[in-house]
Amino acid sequence: MSIYESLNNDQQKAVMYMEGPLLVLAGAGSGKTRVLTHRIAYLIEEKKVNPWNIMAITFTNKAAKEMRERVDAIVDFGAESVWVSTFHSSCVDILRKYIDRIGYENNFTIYDIEDSKFVMKEMLRRLNLNPKIYKDQVILAKISKAKNALIMPEEYEKNATRWEEKKMAQVYHEYQVHLRKNNALDFDDLLVRTVELFRVEPEILNFYQERFRYIMIDEYQDTNTVQFEFVRLLVSKHKNLCVVGDDDQSIYKFRGANIGNILEFERVFPEAKVIKLEQNYRSTQNILNSANEVINHNQGRKVKRLWTKNESGELIHFRQFQNEFEEADFIAEDVSKKVKTKDLQYKNFAILYRANAQSRLFEEKFLLANIPYKLVGSVNFYARKEIKDLLAYLKTVDNALDDLAVQRIINVPKRGIGVTTLRRVEKYAWEQGINFYDALLEVDSIPGLRRNLNKIKAFTLFIQSLRAQEEYLGLEELLEKIIKETGYLKELKAENTEEAKARIENIDELMSKVANYEKSSEQSTLSGFLQEVSLVSDIDSVEDGNDYVLMMTLHSAKGLEFDNVYMVGMEDGIFPSYLTISGENSSELEEERRLCYVGITRARKTLTMTSAMQRMIRSEIQYNKTSRFVMEIPRELVDWGWYTINTRHSFDPSIFGGMKLSRRAYSAETFKPRKFTVNKSKSLEYDIGDTVCHIKFGIGKVQDITEGGKDYEVTVDFEQMGVKRMFASFAKLKKL
DNA sequence: TACTGGATTATTTTT
DNA sequence: TAATCCAGTA
């Protein structure tokens with residue numbers, strides 16, 4: 001039997017249609033990834049297309065990785081030469097080869113948002129603009145928007161009518177000048193510069209047109225104008241384009257995603273064929289019907305109606321609570337109960353919320369209930385301070401052209417080199433037209449630095465010695481050396497706070513990532529590692545093997561699926577968010593509704609929506625109505641519970657006394673379930689009868705230890721909290 | 001230069 | 001609530 005027989009009719013059509021541009025309108029859970037992977041297989045095996053000529057583009061590394069694995073699994077030969085990558089990494093690969101044609105050097109650095117902000121702040125200061133009016137974030141957002149719409153500074157200037165816009169254009173221009181001078185690109189530039197390269201160098205474009213004869217794009221509804229142009233240029237020769245998307249799942253308009261790309265696909269490519277995939281393989285009938293009804297309240301969409309052969313399943317559960325504490329309590333208890341009684345795994349559950357700030361309470365409750373969880377988002381691993389510091393050292397050693405990296409670490413740890421000194425060096429570098437680091441090397445000729453001469457020399461000496469050693473030291477050893485000789489770790493250890501401990505763990509994790517990189521890549525170089533690291537996001541780290549409940553925003557959940565989903569904070573003012581209902585802009589409300597649709601369709605078996613009547617928001621108590629989205633679900637599809645009167649979960653303030661998490665962003669790392677699997681083989685450092693200490697529950701006596709499937713389960717009688725059972729590796733008990 | 005405290009200000013964010 | 005920024009002080 002051929003692999004294509006397992007596909008339904010529409011899927012087969014989508015896989016086999018080869019006559020020009022194809023738009024696959026794939027509803028949630030309709031097997032779009034299957035279509036893409038099978039299409040790749042079909043091209044290679046039936047159409048005898050050289051795998052080398054096939055390009056598949058996704059948005060996240062995670063999606064790319066998954067697609068790669070699935071292609072590997074169904075294609076016998078040549079799968080590894082298929083180009084499967086994200087927009088951004090594809091562009092990086094192209095630019096590393098050819099960006100010198102448009103006035104950069106091929107070893108450019110990539111700025112993340114934090115870097116851009118830092119640069120922007122400095123720039124605004126230099127331009128003497130009032131930071132009260134010119135806010136770095138606002139300006140960067142505008143620049144990003146312009147870039148995503150492929151508007152260059154010159155054009156921005158031309159379009160500007162009002163005075164502020166003219167000023168804005170000037171800032172945009174300056175910012176680009178700065179980037180170029182530092183041989184740096186921000187995320188948006190990766191796309192913009194590639195398009196520019198294609199436009200000015202036809203033979204390079206031609207090369208890639210010949211190379212990528214068959215192009216496939218996933219999540220097409222979230223492409224922005226630059227991405228579209230990138231694709232359009234590439235396919236304009238052979239016209240073998242297949243895009244897969246769902247206009248109902250377009251949720252990144254605020255970041256420049258152009259829903260017109262999908263809605264007007266047929267206009268841009270008049271010969272295009274459209275195939276709809278409406279059979280859903282993921283969810284129950286009830287979940288699907290709810291999703292259909294909700295999304296039906298939107299105007300201006302391509303009409304689709306998902307159906308499934310799956311059973312109708314449970315009703316949608318809705319529970320309203322007095323306040324947010326009860327809400328979190330209920331969910332923690334519900335998960336716990338289901339895991340115990342129904343023999344489910346933690347990884348079958350996900351909690352989805354509108355904004356990251358909502359995660360805190362759930363973390364606290366899950367900690368207390370001993371439920372392993374992983375928080376996705378909020379702070380990207382590589383954006384954490386300690387990680388960025390160490391990476392900045394590596395960058396400086398690798399290539400001291402990156403002024404930003406040098407400036408970041410010159411006084412970390414504290415070397416007594418302050419802002420005034422830095423300004424002087426900067427000024428000197430500016431006047432001489434040299435790099436910051438090179439200016440540091442000429443410190444003797446910089447006026448007004450007498451007192452700090454030696455401090456600076458000590459720093460440059462340190463960097464030079466690291467560079468000298470880079471050649472024969474491995475990456476791991478190099479990093480180790482930096483950590484040791486800067487005293488970075490020592491300083492953190494001395495702090496002895498929860499936060500410092502979390503940072504130390506992150507550093508350990510970085511070490512293992514470096515080690516991993518060295519092992520997995522054929523020729524590991526410092527530059528290679530730094531590049532790999534610059535384009536990863538938090539969601540990429542979610543792996544199927546680990547057993548934990550996932551907590552994330554509705555946005556990050558796109559593309560994922562779970563047996564049991566909780567959508568929390570279903571209140572008007574939270575979701576849909578306050579700003580979208582107060583403004584009379586219905587298109588923003590529609591985007592929120594699409595977000596809701598995305599949330600609902602993540603669920604395979606059960607969906608629980610919760611809301612609180614009362615909620616503390618920024619130290620103010622808010623009273624919110626139940627979300628209009630909940631009301632848009634037909635009444636008969638919902639189990640309304642007892643609507644609100646649920647005495648069992650009444651709020652007991654004593655539970656919260658002294659239990660605040662030190663810091664949200666770090667706590668999740670502290671409870672990495674990774675440690676779960678690792679620890680099992682080791683025996684425990686404590687035994688029955690020992691006195692142990694738990695970071696939240698305090699001191700207690702071990703009553704029992706049993707060996708479970710993956711881990712030891714320990715029963716402890718705590719002085720304050722009473723008897724608790726917990727997983728050993730998760731609880732991290734310390735013997736006293 | 002480095003630290004402290006008061007004022008200020010808040011979505012969502014694949015890279 | 002909580003993070004960030006700036007001004008004033010040690």
Side-chain angles (χ1 to χ4, degrees), chain A residues 57-64 85-92 110-113 116-117 121 131-132 135-138 140-141 144 147-148 185-191 218-219 221-224 226-227 249-257 324 352-358 360-361 376-380 382-383 411 414-422 451-452 455 531 533-540 542 552-560 569 573-583 588 591-592 594-596 598-599 615-621 660-665:
Chain A
I57 300 275
T58 62
F59 276 83
T60 63
N61 297 303
K62 183 171 187 283
S85 181
T86 64
F87 273 109
H88 292 264
S89 351
S90 300
C91 289
V92 171
I110 301 167
Y111 279 3
D112 67 13
I113 321 98
S116 303
K117 257 193 215 168
K121 259 183 218 148
K132 285 262 145 55
K135 294 197 178 135
D136 46 337
Q137 296 205 40
V138 178
L140 284 169
S144 173
K147 286 183 178 176
N148 286 330
L185 305 190
D186 63 17
F187 285 142
D188 300 319
D189 272 342
L190 295 175
L191 266 306
D218 194 12
E219 305 281 10
Q221 74 282 355
D222 288 322
T223 49
N224 59 35
V226 211
Q227 287 160 346
Q249 291 187 65
S250 157
I251 54 175
Y252 281 103
K253 196 177 127 214
F254 71 96
R255 279 199 70 194
E324 69 269 39
L352 310 182
Y353 35 79
R354 177 66 238 263
N356 275 313
Q358 289 170 260
R360 214 195 79 236
L361 263 182
V376 178
S378 67
V379 184
N380 189 343
Y382 290 103
N411 203 29
K414 301 239 171 341
R415 297 189 174 88
I417 304 170
V419 238
T420 23
T421 310
L422 293 183
R451 226 170 339 133
N452 289 318
K455 296 173 183 166
Q531 169 169 333
V533 140
S534 61
L535 292 176
V536 305
S537 74
D538 210 36
I539 193 85
D540 297 333
V542 174
M552 66 183 99
T553 61
L554 287 153
H555 282 91
S556 331
K558 197 188 70 179
L560 306 179
I574 305 279
F575 185 42
S577 89
Y578 172 72
L579 286 142
T580 49
I581 45 181
S582 53
E588 285 183 18
E591 175 135 330
E592 294 278 291
R594 289 195 290 270
L595 194 54
C596 184
V598 167
R615 176 186 298 269
M616 193 79 115
I617 290 180
R618 290 188 230 130
S619 69
E620 241 173 73
I621 295 175
K660 283 178 55 194
L661 291 178
S662 53
R663 235 149 145 202
R664 172 163 49 86

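Proteins come first, then strands; the chains are lettered A, B, ... in the order of their sequence lines, and each starts at number 1. The structure displayed is predicted, hence computed values, not measured ones.
We find that CZ of A:F59 is positioned 12 Å from P of B:dT14, with the value rounded to whole Å. Across the protein-nucleic acid pair, A:R255 atom CZ and B:dT14 atom C1' stand 7 Å apart, rounded to whole Å. In this entry the distance linking CG of A:L361 with P of C:dT1 reads 12 Å, nearest Å. Here B:dT13 presents its P atom at 12 Å from CG of A:L352, a figure rounded to the nearest Å. Atom pair A:D112:CG and B:dT14:P shows a separation of 12 Å (rounding to whole Å applied). Following rounding to the nearest Å, A:L595 (CG) and B:dT13 (P) show an atom-to-atom distance of 10 Å. Rounded to an integer number of Å, the gap from A:F87 CZ to B:dT13 P is 20 Å. Remark: P of B:dT12 and CD1 of A:I581 are 16 Å apart, rounded to the nearest angstrom.
Nearest approach of A:S116 to A:Y111, heavy atoms of both residues: OG-CB, 4.0 Å. Pairing each heavy atom of A:G256 with each of A:N224, the nearest pair is O-CB, 3.0 Å. Across all their heavy atoms, A:L535 and A:N61 have their closest contact at O-ND2, 2.8 Å.
Distance check, rounded to the nearest 0.5 Å: CD of A:E588 to CZ of A:F254 gives 11.0 Å. Distance OG/A:S90 to CD1/A:I57: 3.5 Å, rounded to 0.5 Å. To the nearest 0.5 angstrom, A:D189 atom CG is 11.5 Å from A:F187 atom CZ.
Dashed line: the shortest gap from a side-chain N or O of A:T553 to OP1 or OP2 of B:dT13 is under 4.0 Å. For B:dT12, the OP1/OP2 oxygens have no side-chain nitrogen or oxygen of A:K253 closer than 4.0 Å. For the pair A:N356 and B:dT13, the criterion of a side-chain N or O lying under 4.0 Å from OP1 or OP2 is met.
The stacking criteria are not both satisfied for A:Y252 over the base of B:dT13, which would need a centre-to-centre distance under 5.5 angstrom and an angle between ring planes under 30 degrees.
Here the side chain of A:R360 is nearest to one of C:dT1, B:dT12, B:dT14, namely C:dT1.
Between A:Y252 and A:H555, a ring centre-to-centre spacing shorter than 6.0 Å is recorded.
At the heavy-atom level, A:N61 lies under 4.0 Å from the strands shown only through sugar-phosphate atoms. At a threshold of 4.0 angstrom between heavy atoms, the contacts of A:S534 with the nucleic acid are absent. Among the protein residues, A:K121 comes within range of the sugar-phosphate backbone only, with heavy atoms under 4.0 Å from sugar or phosphate atoms but none that close to a base.
Side-chain atoms of A:N356 and A:T553 form no donor-acceptor pair, as typed in the model, at a separation below 3.5 Å.
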Please write out the pairs of protein N or O atoms and N or O atoms of nucleotides 2-10 of chain B separated by less than 3.5 Å, giving the distance to one decimal.
from  : atom 1 : to     : atom 2 : distance (Å)
B:dA2 : OP2    : A:N411 : ND2    : 3.4

Protein N or O to nucleotides 7-10 of chain C N or O, pairs below 3.5 Å:
none

message = One pair to check against salt bridge (Lys or Arg N to Asp or Glu O under 4.0 Å): A:E592 and A:R354. What are the steps and the verdict?
response = CA-CA 9 Å; A:E592 294 278 291; A:R354 177 66 238 263; 2.4 Å; yes
request  = For salt bridge (Lys or Arg N to Asp or Glu O under 4.0 Å), just list the numbers for A:D222 and A:R255, CA-CA rounded to whole Å, side-chain angles, deciding distance to a tenth of an Å, and then say yes or no.
outcome  = CA-CA 9 Å; A:D222 288 322; A:R255 279 199 70 194; over 6 Å; no
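Between A:T223 and A:E588, the residue anchored closer to the 5' end of DNA chain B is A:E588, taking for each the nucleotide with the nearest heavy atom.
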